[in-house]
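Each remark here refers to the structure printed beneath this line.
Order of the sequence lines sets the chain letters (A, B, ...), proteins ahead of strands, with each chain counted from 1.
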Amino acid sequence: MKEWQRIAQLSHRTDGSATILGWVTHHRSSGRIQFVTIRDGTGEVQGVVRADEVSAETWETTRALSQEAAVKISGQVRADPRAPGGVELVVAGLELVGASADYPLTPKEHGTDFLMEHRHLWVRTPRQAAILRLRARIIHAIRGFLDDHGFVLADPPIITPAAAEGTTTLFGLDYFGEPAYLSQSGQLYMEALAMALGRVYSFGPTFRAEKSKTRRHLSEFWMVEPEMAFCDFEENLLWQEELVTYVVEEVLRHAPRELEILGRDQEPLRKVRPPFPRLSYDEALERLAEAGMPLTWGEDFGAAHETYLGGLYPAPVFIHRFPAAHKAFYMKPDPDRPEVVLAADLLAPEGYGEIVGGSQRIDDLDLLERRLFEHHLPADTYAWYLDLRRYGSVPHSGFGLGVERLVAWIGRLEHVRETIPFARTLTRVWP
RNA sequence: UCCUCGAUAGCUCAAUUGGUAGAGCGCUCGGCUGUUAACCGAGUGGUUGCAGGUUCGAGUCCUGCUCGAGGAGCCA
């Protein structure tokens with residue numbers, strides 16, 4: 001049995017003694033009475049210290065407390081309408097566990113660069129802690145959904161010999177004298193694993209050395225990549241909308257406090273229900289033309305186009321069947337229209353852009369070899385991948401979901417760098 | 001890689017047509033018997049990103065550079 005309590009539990013013991021361990025967030029003094037606010041990761045509570053109720057030593061120790069000093073305090077838990085949260089601790093004893101001098105972060109405003117430079121301390125603030133709890137809840141929901149639906153967690157390697165798609169920029173490294181790269185997608189490996197386990201998913205970091213500096217980009221981000229054998233394009237979309245819906249429901253059910261701290265309006269989230277609206281690439285072009293943003297068939301969407309399309313509906317929207325020319329080599333052509341592929345992007349509402357990208361994969365060996373040639377990719381690098389089409393090839397599909405973008409959308413955050421404990425961006429690899 | 005904007009006290013920011021670099025917060029000391037980012041008084045605080053130029057005089061104008069921001073492209 002523990003000899004101390006966590007702050008979140010204090011409201012259940014509004015009479016009786018308690019001991020808490022935590023860090024000082026605020027300290028106010030008014031002559032003969034001091035107020036010390038303590039944070040312990042589960043919540044905050046105010047300690048009340050009266051000069052005539054504690055020893056001179058405790059009074060002095062309390063008086064000398066500074067921001068983020070670690071303390072152990074004990075006393076009587078009491079309900080009081082004047083206390084933030086309605087419960088306070090009338091302090092009988094206070095011990096300094098760890099002093100804190102010249103804490104850099106003040107209760108006032110700071111700029112982004114300063115906060116990122118002190119990210120190791122910034123995470124202590126209520127807002128940042130709420131975001132990290134939200135992230136944890138979202139990850140828990142994703143894994144729970146997939147685990148409960150027969151998906152086997154099977155993670156691909158992070159150190160890889162070549163680009164998965166041969167396009168985006170990779171972080172290179174020296175692998176015992178051989179060139180190797182940090183994975184920018186585990187998808188090809190997931191296809192192999194799906195042929196072994198049926199339904200699989202990966203959950204891990206992904207690395208992209210793109211020179212992107214926007215609020216939607218990180219150099220290191222986390223991605224979920226489910227892959228399903230015997231799954232066609234339509235079923236793939238169903239899995240995606242079921243998963244996203246479940247995650248949103250779980251957040252609404254289990255993290256309303258976090259959404260409140262973030263000031264996140266819950267109404268748009270309550271409108272996220274399957275089926276999600278779907279627009280074919282061709283239909284999307286029509287919508288864009290009506291909105292004064294005409295594109296000729298075959299052109300890719302720009303950021304403005306994506307934002308517009310994502311904003312058409314309260315729920316995420318699928319854009320599907322893109323022109324094959326600019327898409328990844330492994331995407332299966334639509335049998336009815338070979339000029340488009342059975343791929344879809346899921347665009348989040350409220351301007352958050354693409355959160356999921358998925359497709360049915362080519363299962364025909366000849367076509368896949370032809371596509372590798374057309375994309376100027378070396379066949380020998382993909383020899384093992386081609387084997388998957390040689391030995392019992394089946395229709396299969398999968399998708400990749402960006403965890404940070406999902407967290408940013410659900411929390412309605414300004415920037416993905418706040419959705420991960422220590423963001424790695426184009427200009428920052430520290431702390 | 002390109003475009004736009006920016007850099008002044010530990011932090012957030014002011015500084016008029018080029019004319020002695022300030023405020024709030026933080027921190028230190030003092031005051032206050034219920035504070036809520038407490039309040040009141042005093043104190044503390046500067047190579048104005050770097051290098052050069054114009055000028056009697058540059059935080060301010062000019063040139064180059066460095067660093068940062070968010071947007072494009074690219075992407076989750």
Side-chain angles (χ1 to χ4, degrees), chain A residues 25-37 44-53 59 63-64 66-68 78 80-86 88 90 100-118 121-122 125-126 164-165 167-170 184-187 204-225 240 299-307 316 326-328 345-348 352-358 399-409 414-417 419-420 425-428:
Chain A
T25 61
H26 297 284
H27 180 215
R28 297 173 293 274
S29 163
S30 183
R32 304 294 289 164
I33 185 168
Q34 298 184 62
F35 300 91
V36 185
T37 307
E44 282 193 349
V45 70
Q46 167 176 282
V48 184
V49 185
R50 295 177 188 279
D52 54 3
E53 292 176 5
W59 178 260
R63 215 183 56 79
S66 53
Q67 196 180 350
E68 290 301 319
R78 191 182 70 180
D80 190 310
R82 293 170 295 186
E88 63 186 15
V90 181
S100 168
D102 302 321
Y103 189 68
L105 271 53
T106 71
K108 283 279 186 174
E109 289 175 88
H110 295 291
T112 304
D113 190 51
F114 180 83
L115 289 168
M116 286 304 288
E117 194 71 11
H118 296 84
L121 303 175
W122 190 22
T125 62
E165 304 175 17
T167 53
T168 44
T169 321
L170 300 171
Q184 45 119 291
S185 167
Q187 188 208 303
T206 300
F207 307 87
R208 305 259 170 108
E210 295 155 1
K211 305 268 187 186
S212 294
K213 26 186 309 184
T214 78
R215 66 185 71 185
R216 300 186 304 279
H217 287 89
L218 295 170
S219 302
E220 175 183 300
F221 64 96
W222 287 65
M223 190 155 66
V224 185
E225 294 183 277
Q240 292 173 45
E299 274 188 292
D300 271 345
F301 298 136
H305 306 112
E306 269 194 9
T307 300
H326 292 105
K327 283 294 179 177
D345 289 347
L346 184 63
L347 304 183
Y352 282 90
E354 183 181 349
I355 51 174
V356 183
F399 59 94
L401 181 154
V403 172
E404 286 76 18
R405 285 190 182 174
L406 184 65
V407 175
W409 162 53
E414 277 296 302
H415 201 300
V416 289
R417 70 183 153 220
T419 66
I420 188 168
T425 67
L426 184 57
T427 58
R428 179 169 294 283

Report task. Record whether the side chain of A:Gln46 comes under 3.5 Å of the base of B:U35 through a donor-acceptor pair of N or O atoms. Result -> yes
Report summary line: Any strand, both distances under 3.5 Å, Watson-Crick or G-U wobble: B:C27 pairs with B:G43
Query raised in the report: salt bridge (charged side-chain N to carboxylate O under 4.0 Å, His left out) between A:Arg215 and A:Glu414: does it pass, once the steps are laid out?
Result: CA-CA 7 Å; A:Arg215 66 185 71 185; A:Glu414 277 296 302; 3.3 Å; yes
Report task. Assess whether one donor atom and one acceptor atom, taken from the side chain of A:Arg50 and the base of B:G34, lie less than 3.5 Å apart. Result -> yes
Requested in this report: Please state whether the base of B:G34 and the side chain of A:Arg78 form at least one donor-acceptor pair under 3.5 Å?
Outcome: yes
Requested in this report: State whether the distance check finds a donor on one side and an acceptor on the other, under 3.5 Å, for side chain A:Glu88 versus base B:G34.
Outcome: yes
Report task. Compare the minimum distances between each of B:A76, B:A72, B:G34 and the side chain of A:Thr214, then state the nucleotide with the smallest one. Result -> B:A72
Query - Whole-Å distance separating the CD atom of A:Glu299 from the C1' atom of B:G73 - result: 14 Å
Query - Spacing of A:Ile355 atom CD1 relative to B:A76 atom P, expressed in whole Å - result: 13 Å
Report task. Record whether the side chain of A:Thr112 comes under 3.5 Å of the base of B:G68 through a donor-acceptor pair of N or O atoms. Result -> no
Query - Partner nucleotide, any strand, of B:U1 [Watson-Crick/G-U, under 3.5 Å] - result: B:A72
Report task. Kindly indicate, with the supporting measurements, whether the criterion side chain to side chain contact (heavy atoms under 4.5 Å, CB included) is fulfilled by A:Trp122 and A:Met116. Result -> CA-CA 8 Å; A:Trp122 190 22; A:Met116 286 304 288; 3.5 Å; yes
Query raised in the report: Can you tell me the Watson-Crick or wobble partner of B:U48, both distances under 3.5 angstrom?
Result: none
Query raised in the report: Taking CG from A:Leu426 and C1' from B:A72, how many angstroms apart are they, rounded to a whole number?
Result: 14 Å
Query raised in the report: What about A:Thr106: does its side chain form a donor-acceptor pair under 3.5 Å with the base of B:C25?
Result: no
Report task. In whole angstrom, give the distance that lies between atom CZ of A:Arg28 and atom C1' of B:G31. Result -> 18 Å
Requested in this report: Select one nucleotide: of B:U33, B:C74, B:G70, the one nearest the side-chain heavy atoms of A:Arg32.
Outcome: B:U33
**Report entry** First of A:Thr427 and A:Ala303 reached from the 5' end of RNA chain B, by closest nucleotide
**Finding:** A:Thr427
Report task. Confirm from the modelled atom types if A:His110 and B:C11 form a donor-acceptor pair under 3.5 Å, side chain to base only. Result -> no
**Report entry** Comparing A:Ser219 and A:Val90 on RNA chain B - which has the more 5′ nearest nucleotide
**Finding:** A:Val90
**Report entry** Separation between the P atoms of B:G10 and B:C67, rounded to whole Å
**Finding:** 22 Å
Query - Whole-Å gap separating P (B:U33) and CZ (A:Phe35) - result: 12 Å
